[in-house]
Amino acid sequence: MNITPTIRAELEQYLKQEGLTLSQFGQIAGMNRGMVSAIVTGNKSMSVNQLDLITEAMGLPEGYFYDLFIENFIIDHPPNMRRIEPFLFRCAELDKLDAIRRVVGAIMDNLLYSPKLFEIAESLFAQGRHAAALLLYESVAEAERYQHSERLAICQYRIFKIQISDDQSQNVRAAAVFEAFVERLDEIEQLDALKDLANVYRSLRKWDKVDEMAKKMRAKAEIQYSMKHQLNSRMYEESSKELSRPLFVYITYADLLCANVCEELGDYEGALHYTNAYSNLDWVRETDEDALHWMKLYLHWSKANILANKLLSGDVSVQHEYLNYIDVSSDAIQEDRVTQLLNIMTAANRYKLDVNDILKRFEAEIASLSQRPSSDDMYTQQVLPDYSALCGYELAYYYLNQGMYNDGFNHLFCSMVKAHILNNETYFINCMGLFVRFKAHAVPETKTEFYNLIEKVWLNNVEKSSNADRCE
């Protein structure tokens with residue numbers, strides 16, 4: 001039978017090997033002699049802070065003894081959260097996820113520890129240590145899967161937000177799992193959850209789900225907004241502070257989403273109806289600076305989107321009015337500009353418009369299409385990369401049909417790379433089809449670049465498939 005070594009034995013051997021007294025080692029480690037003696041003799045348990053001091057004094061890497069710490073002080077011992085909690089935080093700092101798994105696995109047989117692990121997970125999530133937080137959320141969710149508690153729903157919401165990534169096929173699964181838990185959340189928190197789900201489905205171009213989430217969000221937000229102004233209580237104000245934006249914005253954002261759905265489905269009359277709805281803000285009672293900021297944004301978006309709808313529906317006479325409005329508008333931020341560029345290129349390709357001069361106004365936006373936006377907001381994180389990939393394809397289509405083959409193939413390859421990152425098969429296949437259509441105009445170097453890209457994607461997919469097989 002293998003006997004598990006102990007940290008005490010390792011320390012004792014080190015002291016003998018180096019010829020150090022307890023006092024000398026204590027001075028090196030920044031600990032008093034009595035503390036070192038108590039640890040060596042086994043009369044005192046050890047904290048993770050003391051373990052880190054000992055490890056550093058022995059000249060070993062951070063976390064070197066963490067597996068032994070779990071063996072010596074956690075497994076087969078009554079769980080002591082005063083020892084476990086700081087240890088989990090320290091493991092998260094050092095990205096020692098396997099150690100966290102072992103600790104959680106050792107204590108989660110008892111549901112009594114779920115609330116504390118959930119609390120630790122929330123702290124780690126707030127610190128941005130998402131990989132460590134995910135392990136705890138998943139453990140709590142698994143332990144409480146039959147409890148139908150709000151804590152279970154919050155765990156699933158956090159898991160959803162952490163798991164959402166560039167990979168759209170993974171995002172489909174994450175959204176489908178989380179959707180079943182939305183209505184178990186607190187009524188206020190449901191609003192941000194529905195907003196996030198809508199934007200994920202928006203990036204996946206699942207317009208029926210976007211419409212469903214938007215209408216649910218609107219109905220719930222209207223109830224909450226009515227209650228807020230009927231009750232007018234301080235308690236309600238405090239709960240509303242948990243929202244990422246003013247309460248009325250969830251109503252207007254639902255209308256914006258529904259307008260987007262109609263536009264994508266070619267229902268420009270319906271899109272105009274919803275756009276007019278979120279442009280009419282006379283009912284909004286708030287007058288604070290934040291509210292006024294959002295009202296100004298919606299007025300800007302409504303004017304720009306009304307013109308965009310007309311352009312996309314075939315009224316090309318508004319093209320210059322649309323361009324002039326978005327150029328002079330002080331509210332036109334980078335995210336808006338990418339969407340506006342996509343609208344222009346879609347209309348140009350649909351109605352065979354010459355936009356060569358117009359594209360000069362968007363040089364900065366075109367150059368930024370390959371960049372990954374950094375934001376925790378689900379729209380910026382998920383919808384914009386999808387728009388960027390689609391915009392790259394529309395640019396490639398335009399340039400290739402204009403006979404500007406070098407620019408066209410460059411944009412096509414950039415769009416293919418983004419489509420591969422997003423794991424969006426439809427976009428990738430469309431790009432391949434466009435290349436085949438104009439293959440005769442590609443120089444040998446361009447063909448080589450295309451085939452190298454295809455081979456790279458193929459090898460990447462083979463590796464993914466092999467890893468999946470090994471995990472089964």
Side-chain angles (χ1 to χ4, degrees), residues 1-14 25 29-31 35-36 38-40 42 44-145 151-152 154-156 158-159 161-163 165 467 470-471:
M1 184 177 75
N2 292 330
I3 300 175
T4 303
T6 65
I7 298 170
R8 292 187 177 103
E10 295 282 338
L11 175 57
E12 201 167 8
Q13 182 180 348
Y14 176 81
F25 183 80
M31 302 167 63
M35 182 65 68
V36 177
I39 289 172
V40 170
K44 182 174 174 51
S45 60
M46 193 183 309
S47 70
V48 68
N49 181 56
Q50 291 166 343
L51 177 60
D52 286 340
L53 291 174
I54 289 170
T55 304
E56 183 180 3
M58 292 173 68
L60 298 170
E62 288 184 302
Y64 182 84
F65 286 123
Y66 280 13
D67 284 335
L68 277 184
F69 185 84
I70 296 170
E71 295 283 349
N72 296 170
F73 299 107
I74 296 177
I75 292 178
D76 296 330
H77 287 72
N80 181 340
M81 293 308 296
R82 291 178 64 184
R83 180 184 298 121
I84 291 172
E85 181 176 0
F87 182 67
L88 289 176
F89 277 111
R90 187 69 178 123
C91 287
E93 286 177 27
L94 299 179
D95 202 31
K96 289 191 169 293
L97 302 183
D98 286 339
I100 294 176
R101 287 190 189 93
R102 291 189 67 199
V103 172
V104 172
I107 68 173
M108 276 309 291
D109 287 341
N110 192 332
L111 277 176
L112 292 175
Y113 300 106
S114 282
K116 189 61 184 177
L117 285 183
F118 174 76
E119 181 185 313
I120 295 169
E122 289 283 81
S123 296
L124 292 172
F125 184 80
Q127 294 171 11
R129 303 188 187 282
H130 291 168
L134 178 61
L135 294 176
L136 301 186
Y137 285 130
E138 287 177 335
S139 296
V140 174
E142 175 63 21
E144 298 193 1
R145 64 188 183 279
R151 182 165 57 234
L152 172 61
I154 295 172
C155 282
Q156 293 293 351
R158 303 291 189 264
I159 291 169
K161 293 187 75 171
I162 293 170
Q163 287 183 336
S165 66
N467 289 337
R470 284 195 291 270
C471 289

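- Within a 6.0 Å radius of CD in Gln13, other residues, nucleotides and ligands contribute 12 heavy atoms or fewer.
- Between the side chain of Arg145 and the main chain of Glu142, a donor-acceptor pair closer than 3.5 Å is present.
- Residues satisfying the side-chain contact (heavy atoms from CB on, under 4.5 Å) test with Ala132, not counting sequence neighbours, are Ala92, Leu97, Ile100, Leu124.
- Residue Tyr64 qualifies as open at atom OH: its count of foreign heavy atoms under 6.0 Å is 12 or below.
- Taking 4.5 Å as the limit, some side-chain heavy atom of Gln163 sits within range of a side-chain heavy atom of Glu138.
- Nearest approach of Arg101 to Leu135, heavy atoms of both residues: NE-CD2, 3.7 Å.
- The distance from the CG atom of Leu11 to the CE atom of Met58 is 6.0 Å, given to the nearest 0.5 Å.
- In summary, the aromatic rings of Phe73 and Phe69 are positioned with their centroids under 6.0 Å apart.
- Here the side chain of Arg8 pairs a donor or acceptor atom with the backbone of Ile39 at under 3.5 angstrom.
- For the residue pair Tyr137 and Glu122, a side-chain donor N or O sits within less than 3.5 Å of a side-chain acceptor on the partner.
- Minimum interatomic distance between Ala106 and Ile75 (heavy atoms only, all atoms of both residues): CB-CG1, 4.1 Å.
- Paired with Val103 under the rule side chain to side chain contact (heavy atoms under 4.5 Å, CB included), one option of Asp98, Leu136, Leu88 passes, and it is Leu88.
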### Task
Could you walk me through whether Asn72 and Phe65 pass the side chain to side chain contact (heavy atoms under 4.5 Å, CB included) test, one step at a time?
CA-CA 10 Å; Asn72 296 170; Phe65 286 123; over 6 Å; no
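- The existence of a salt bridge linking Arg102 and Asp67 is confirmed by a sub-4.0 Å separation between a basic side-chain nitrogen and an acidic carboxylate oxygen.
- Distance CZ/Phe89 to CZ/Arg129: 9.5 Å, rounded to 0.5 Å.
- The two atoms that bring Leu117 and Met81 nearest to each other are CD2-CE, 4.4 Å, heavy atoms only.
- Closest approach of Gln156 and Ala141 over heavy atoms only: NE2-CB, 3.8 Å.
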### Query
Given Glu119 and Arg151, is the salt bridge (charged side-chain N to carboxylate O under 4.0 Å, His left out) satisfied, shown in steps?
CA-CA 10 Å; Glu119 181 185 313; Arg151 182 165 57 234; over 6 Å; no
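- When all heavy atoms are compared, the tightest approach of Ser114 to Met108 is OG-CE, 3.4 Å.
- Note that the NZ atom of Lys116 and the CD1 atom of Ile84 stand 11.0 Å from one another [nearest 0.5 Å].
- At least one side-chain heavy atom of Phe87 sits less than 4.5 Å from a side-chain heavy atom of Ile70.
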### Task
Under the side chain to side chain contact (heavy atoms under 4.5 Å, CB included) rule, what do Leu94 and Tyr66 come out as? Steps first, then yes or no, please.
CA-CA 11 Å; Leu94 299 179; Tyr66 280 13; 3.8 Å; yes
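- In this structure the side chain of Asn49 never reaches within 4.5 angstrom of the side chain of Pro86, judged on heavy atoms.
- Heavy atoms of other residues, nucleotides or ligands lying less than 6.0 angstrom from CD of Glu144 number more than 12.
- Below 30°, between 30° and 60°, or above 60°: for Phe125 and His130 the angle between ring planes is below 30°, a parallel geometry.
- In this structure, Met46 and Arg83 approach most closely via the heavy-atom pair O-NE, 3.7 Å.
- Here the straight-line distance linking atom OG of Ser47 with atom CG of Asn80 works out to 11.0 Å at 0.5 Å rounding.
- Arg158 CZ to Leu134 CG: the interatomic distance, rounded to the nearest 0.5 Å, is 12.5 Å.
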